[in-house]
Amino acid sequence: MTSADLTPRQNWTREEIAALYELPLDQLFARALAVKAANWPDGKVQKSQLLSIKTGGCAENCGYCSQSASFKTGLKAEKLMPVEEVVDAARRAKANGADRFCMGAAWRSLKDRDLPKVAEMISAVKAEGLETCVTLGMLEEGQAEALKEAGLDYYNHNLDTSREYYSTVVTTRTFDDRIETLGRARQAGIKLCCGGILGMGESRSDRVGLIHELSLLSPHPESVPVNKLVPIEGTPLANSEELDTLELARAIAVCRIVFPKSWVRLSAGRETMSSEGQALCILAGANSIFVGDRLLTTANPAMDKDARLLESVGGSCATC
């Protein structure tokens, strides 16, 4: 391993990333673990908790999402939560060991009329001593600055998949729309939480393409969530073939190498994975997970299961 393996670079080529992806698993893991040990020597696993602050009724048609108004998933649209309920949830998250609290709203884009209330939520959660993260859809000029002023640390806006496969998953906004919102957040001085979803029918080449697109962001996203599709009845991707755990672990190991200084999160889909499969992904280089009973609208492993998981791999949480 050279010093180049430890420093983020924006000049990765698709061919280089594809070559990593095709390495024998032991060689890939060995390289990923060397990068992880050099950059994250304490071995801690960062824990975030996610709350849906506004559920359902989204105008987007993302093929994986239960919250889209385009699909009949049985999910009822709800209004934006009261600030007090959000703060209560944040306090519970902190008590359970989370150090970052993420708030998600099912919007195509943030409306100016909702900005003051969301800003109030961010400030109140920040006052509880937690890192703050929101995912609110696309951002318009000036909105990112207002979120930053309220105390926002991270903006989550996933690329989802490769540029080439993107229109297969969603058609109500473009890949470049996502890049533009990421740029607005970055320009305002907000850290990025940006990754994708695997198992949506994409090829391995598309997974390589997703990682390559993320690698072009300068600087790299500080958090890179790697989600396994959770098929939801009523969505176009409900009958997708389940992603093999080794393929997920392979993607995580590649992300660990390409994003040496970023948190790489084993994100959605853990509820359908065995403890051994999750441990494999952590050993492949993941050093962040979501905790709590739910993500936005899908189940997540219980806190006691996560405690046993981290104990089994010899890891510890970032707040313990």
Show your reasoning for whether side chain to side chain donor-acceptor pair (under 3.5 Å) applies to Asp99 and Gln46.
CA-CA 7 Å; Asp99 62 352; Gln46 187 269 337; 2.8 Å; yes
Do the charged groups of [X] and [Y] touch, with an N to O distance under 4.0 Å?
X: Arg163; Y: Glu213; value: yes
X: Lys117; Y: Asp114; value: no
X: Glu22; Y: Arg250; value: no
X: Asp160; Y: Arg178; value: yes
X: Glu131; Y: Lys126; value: no

How about Gln49 and Asn96: does a side-chain donor come under 3.5 Å of a side-chain acceptor?
no
Side chains of Asp206 and Ser162: do they bring a donor and an acceptor to under 3.5 Å?
yes
Once you measure the plane-to-plane angle for Trp263 and Trp40, does it fall in the parallel (<30°), tilted (30-60°) or perpendicular (>60°) bin?
tilted
[X] NZ/CZ over [Y] ring centroid, <6.0 Å and within 45° of normal:
X: Arg270; Y: Phe290; result: no
X: Arg14; Y: Trp12; result: no
X: Arg204; Y: Tyr21; result: no

Do [X] and [Y] touch side chain to side chain, with heavy atoms closer than 4.5 Å?
X: Leu198; Y: Asn227; answer: no
X: Met121; Y: Ile53; answer: yes
X: Leu136; Y: Leu147; answer: yes
X: Val86; Y: Met103; answer: yes
X: Leu214; Y: Cys194; answer: yes
X: Cys102; Y: Leu51; answer: no

For atom CD of Gln27, decide whether the heavy atoms of other residues, nucleotides or ligands shown that lie under 6.0 angstrom number more than 12.
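Yes, CD of Gln27 has more than 12 neighbouring heavy atoms, counting only those of other groups under 6.0 Å.
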Just wondering, are more than 12 heavy atoms of other shown residues or ligands nearer than 6.0 Å to CG in Asn239?
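No, CG of Asn239 has 12 or fewer neighbouring heavy atoms, counting only those of other groups under 6.0 Å.
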Applying side chain to side chain contact (heavy atoms under 4.5 Å, CB included), name anything that partners Ala286, two or more places apart in sequence or on another chain.
Ile252, Leu266
For the atom pair CG (Asp42) and CG (Asn287), what is the distance rounded to the nearest 0.5 Å?
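It comes to 9.0 Å.
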